[in-house]
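Just so you know, residue 1 is the first one in the sequence shown, and it goes up from there. It should be emphasised that the depicted structure is a prediction, and the values quoted were computed from it without experimental measurement.
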Amino acid sequence: MSDLLDTIRDLAKPTDSKILMVVLDGVGGLPLETNGDTELAAAKTPNLDALAAQSQLGQVELVGAGITPGSGPGHLSLFGYDPLKYVVGRGALSAVGIGVKLGAGDVAVRGNFATLGEGRIVQDRRAGRPSDEKNAEIVAKLKAAIPDIDGTPVEIYTESEHRFVVVFRAGGGSPLGANLSDVDPQATGVQPMTAQAHDDASQKTAQLVNAFVQRAEAALKDETQVNGVLFRGYSDVPHFPSFDAAYQLKAACIASYPMYKGLASLVGMDVLTVEGEEDALDGKVQALKDNWSKYDFFYFHVKKTDSTGEDGDFKAKVKKIELFDALLPQLLALNPDVIAIVGDHSTPSKLATHSWHPVPLLIRSNYGRKDLAQRYTEDEALKGSLGLRRGTDLMPLLMANALKLNKYGA
């Protein structure tokens, strides 16, 4: 464990108080014009506004100044795990999230289906966000075309929309390394990159990845939209200290997307069943209500505030924020002792990708000091009493506000 987790483990005590951490994925934004409103500021959020007036606000940097976090590092930071120490690729998170077991020496990788134009130029990194049914159809086609590569077993799984997972199995051979460069250029108008190994152990993995890309494009050559694959987030079997043990909490995850369920599972949270369509907020609220008496910590994830930002759709992101605001009273009606609302990173519609900008943080408990912030927005968060924090500060703050920490020292 890190020093911080060691300290918290020694100070933590079980109590009857309940903590609700709401993660509005990618919620931080930017104005489209100088001095304009961000998505949060433009949204009509009467319930968030009322909550902010009763709360403490601040800002959070998930990794460090100027560093743009991926969703994995962003969430690890919020859960109190130093993302510079506890490193895991998105492949393992997605694989575990859909129930795939990884063995020693296996490598999992997150894939995007993409649209490639003439000269293999990336036109759309998400292939128009195909339906889950289309995703499954393409995965079946790839399974038939690539059951193995030079004797190395290859497993291909549907995740959702444009996302899929590939697992290269070590089998009886040498362990596969996961230290290699991405195929996904994370930009359009350029060709996919060639995977390059960063150490000797990853040389074979790079060869497997590049062969997969070539064979996948051949198998999908007759597809008009989903005709390429992009890889990033390679990872082998990760190991994390137990969240429950570190914080003396019985913790539950309420999420729909496999990556977030996978991360929660890796740190030891129970992943609750959510009924309804993917990221159906009503289903998540119902799961929270049904399990409220069984746990003392809940991680509640909202995805579409990020997806709309990645699509560069300012108005749609505003709408998703307003939809969350409309259901907020149902969360508050459960009367959590501590509620936090935060993002795992910023995804401004203006950039259509993750960014380095701090995200606003809100904490309400019975033990907060007077705060000048009146809305849950980036500008108002600057006025808040919590100031600028590292993401790893959040869990100790929530534990303290829930009266779950003993005094440190004499």
Side-chain angles (χ1 to χ4, degrees), residues 16-29 37-58 78 251-256 260 272-308 315-344 359-368 370-381 384 386 394 397-398 401-402:
D16 292 334
S17 56
K18 293 183 181 291
I19 300 171
L20 173 59
M21 178 195 290
V22 178
V23 178
L24 300 179
D25 204 303
V27 72
D37 286 336
T38 65
E39 296 92 333
L40 272 171
K44 294 180 174 60
T45 54
N47 298 309
L48 271 170
D49 294 350
L51 180 62
Q54 305 166 5
S55 305
Q56 304 172 79
L57 271 76
L78 293 176
C253 160
I254 299 176
S256 298
Y260 309 100
L272 304 182
T273 299
V274 176
E275 302 294 341
E277 297 181 1
E278 189 171 60
D279 209 43
L281 293 180
D282 288 344
K284 291 182 177 180
V285 172
Q286 191 60 51
L288 183 66
K289 292 177 178 178
D290 290 346
N291 292 277
W292 188 249
S293 64
K294 302 173 186 177
Y295 297 89
D296 46 24
F297 178 92
F298 292 88
Y299 153 54
F300 187 103
H301 181 258
V302 178
K303 175 61 178 174
K304 292 301 184 180
T305 41
D306 177 57
S307 302
T308 47
K315 290 183 179 179
K317 184 173 177 180
V318 168
K319 181 64 176 176
K320 295 302 180 183
I321 293 168
E322 292 175 345
L323 287 175
F324 170 74
D325 184 78
L327 67 80
L328 180 59
Q330 296 183 66
L331 305 186
L332 298 177
L334 294 168
N335 197 30
D337 296 277
V338 182
I339 182 170
I341 298 178
V342 69
D344 59 333
V359 295
L361 164 66
L362 176 154
I363 297 175
R364 189 193 73 175
S365 77
N366 289 326
Y367 306 103
K370 185 176 180 180
D371 197 287
L372 298 177
Q374 296 297 303
R375 294 195 69 201
Y376 180 70
T377 68
E378 295 85 354
D379 287 348
E380 288 291 301
L386 295 177
L394 179 57
L397 284 170
L398 299 185
N401 276 275

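What you find for Ala381 and Pro360 is that their closest heavy atoms are CB-CB, 3.9 Å. Residues Val318 and Ala42 approach most closely at CG2-CB, 4.1 Å, considering heavy atoms. Scanning all heavy atoms of the two residues, the minimum distance from Leu334 to Trp292 falls at O-NE1, 3.4 Å. For the residue pair Tyr376 and Leu362, the shortest heavy atom distance occurs at CD1-CB, 3.8 Å. Shortest non-hydrogen contact noted between Leu398 and Ala340 is CD2-CB, 3.7 Å. Shortest non-hydrogen contact noted between Lys284 and Ser256 is CE-OG, 3.2 Å.
To the nearest 0.5 Å, atoms CZ (Phe298) and CD1 (Ile339) are separated by 12.0 Å. Rounded to the nearest 0.5 Å, atoms NZ (Lys303) and CG (Leu281) are 13.5 Å apart. For the atom pair Lys294 NZ and Asn291 CG, the distance stands at 4.5 Å (nearest 0.5 Å). In this structure, the separation between CG on Leu20 and CG on Asn335 is 11.5 Å, given to the nearest 0.5 Å. Between the NZ atom in Lys289 and the CD1 atom in Ile254 there is a gap of 11.5 Å [rounded to 0.5 Å]. The distance from atom OG1 of Thr377 to atom CG of Asp37, rounded to the nearest 0.5 Å, is 8.5 Å.
Counting heavy atoms from C-beta on, the side chains of Leu331 and Phe300 come closer than 4.5 Å. Looking at Val274 and Leu272, their side chains never come closer than 4.5 Å, going by heavy atoms from C-beta outward. Val342 is not listed as a side-chain neighbour of Leu24, based on a closest heavy-atom distance of 4.5 Å or more. Residues Lys304 and Val302 have side chains not in contact (no heavy-atom distance under 4.5 Å, counting atoms from C-beta outward).
Remark: side-chain polar atoms of Lys18 are paired, donor with acceptor, to backbone N or O of Tyr295 under 3.5 angstrom. In this structure a side-chain-to-backbone donor-acceptor pair under 3.5 Å is missing from Gln374 to Glu380. Distance alone, capped at 3.5 Å, places no donor-acceptor pair between the Asp296 side chain and the Ser17 backbone. One N or O on the side chain of Arg375 and one on the backbone of Ala41 form a donor-acceptor pair closer than 3.5 Å. Not a single donor-acceptor pair under 3.5 Å links the side chain of Tyr299 to the backbone N or O of Ala251.
Considering Asp325, Val27, Thr308 in turn, Thr308 is the only one that fulfils the side-chain contact (heavy atoms from CB on, under 4.5 Å) rule with Lys320. Residue Ile363 forms a side-chain contact (heavy atoms from CB on, under 4.5 Å) with just one option from Asp371, Leu57, Ile341, Leu394, and that option is Leu394.
In this structure, a donor-acceptor pair under 3.5 Å is absent between the side chains of Tyr260 and Asp344. Under the 3.5 Å distance criterion, with hydrogens and angles disregarded, a donor-acceptor pair is assigned to the side chains of Asn401 and Ser365.
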